[in-house]
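FYI, side chains are in, hydrogens and waters are out, and symmetry mates aren't considered; it's all heavy atoms of this structure. All figures in this text were calculated on a predicted structure; none of them were measured in a lab. One-based numbering, in listed order, for ligands and for the atoms of each.
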Amino acid sequence: MRNSVIPAALITIFWLATFSVGCRDKKMNSNGPNTSASATDPLSIHQRAIAIDMHADTVQRVLDEHVDIEQQLSDGHFDAVRAKAGGLDAQFFSIWVEPQLFGGGGARAVKRADDQIAAIRALAEQHPETWVLATTAADIRRASNEGKIAALLGLEGGYAIDERLENVKRYYDLGVRYMSPAWSVSTSWAGSSGDDVGATRGLNEFGKSVVREMNRLGMMVDVSHVSDKTFWDIVNTSTAPVVATHSACRAIADVPRNLTDDMIRALAKTGGVVNVIFYPEHLEPGWSQKKKEVDAQIATMVQQASDAEPGDAVHKKLARDRVRQREYARRLPPVKVSRIVDHIDHIVKLVGVDHVGIGSDFDGVQITTADLATVADLPNLTKELLRRGYTESDVDKILGGNMLRVMEAVQR
Ligand SMILES: [Zn+2]
């Protein structure tokens, strides 16, 4: 969202004012030294916890819009300045190959993935004061201790392995630590929740060999976007914990991208984690239908913006998305961070607090929640968790502790 920087700054000022006063009061009321007073306010708890966001699409902005995410940007959802303000310790960057633009395999898909990986590696090399290129839980802990942000890589959709098993290891060697077999378009070897083919397609034999190769190497298998059939094939094939990097609960928001209660139970049984997405369409009941109606209302406007853009197919898509961003914000009801916590609550009630985390999908969606509009607002999630009665230890697990555990279990 484009107007989110000022609210984020105001929220930060409000927090600092509120909680610095709160701490002084506690200290004045105590008879002796009170070292715990400042440690129990939400912002301190948030800053102390290791926060890991399992999914953001920012690297495509770096490539296609040439944004410098070292600087605070006036648009989008993520940059290093706002990540630090939001107390983020680790970001998994989604290496996303859009099959409609780059092919569902082949040289262009491979190059698109490789270019994104190179962009993140270059970022870490050029700004070692900000970033640590990370592949393990220990790397994340080290980055956090040094006050830096760990940059990690996840492949969204298996298009770039180009139906070759040896390419799984190639991407592992380049630093990729999770992969989802399919994004919204099915591959020959894995069905997607986003197309008709996926309704009947799970993993074929090659798909199962991909999962086993990921297990062998120590790459996490991501079920976000896959079809129901593929989900069950993954859970029944994988010998390591399975994750959903950016999904939510179908029991609350009934969209095919979300997980049913049975799926959440099965995923938890593998030892894995459901990382809750921040996207209103997957969070708010009925929002998806309303979005379809808005899409129909703005179709001409979107097409005109695309036609007026002189650049290539990627830039035409950016032009379309800019119209969607503006019109969704105007025409669709705002969704609050409390709705994210409803999904977290639902998962905790089903399988306990050890199997839930966060995966924002920042810069991969045209609209976010009103009070968690960018990464700078992340403390608002902790505030809401604490308000609902979660303990500091619970918050540690939800923000990143559970994913650290899974990474340690999966790595070889
Ligand atoms: Zn996605």
Would you name the N/O/S atom of Glu156 that lies closest to the Zn ion (ligand 1)? OE2
Heavy atoms of Val273 and Leu267 approach each other most closely as N-CD2, 3.4 Å
May I ask you to check if any N/O/S atom from Asp361 comes under 2.8 Å of the Zn ion (ligand 1)? no
His282-His343 aromatic ring centre distance below 6.0 Å: no
Give a yes or no on whether Asp196 atom CG has more than 12 heavy-atom contacts from other residues, nucleotides or ligands under 6.0 Å away. no
Is His246 close enough to the Zn ion (ligand 1) that one of its N, O or S atoms comes in under 2.8 Å? yes
Distance under 6.0 Å and angle within 45° of ring axis: Arg177 vs Tyr172: yes
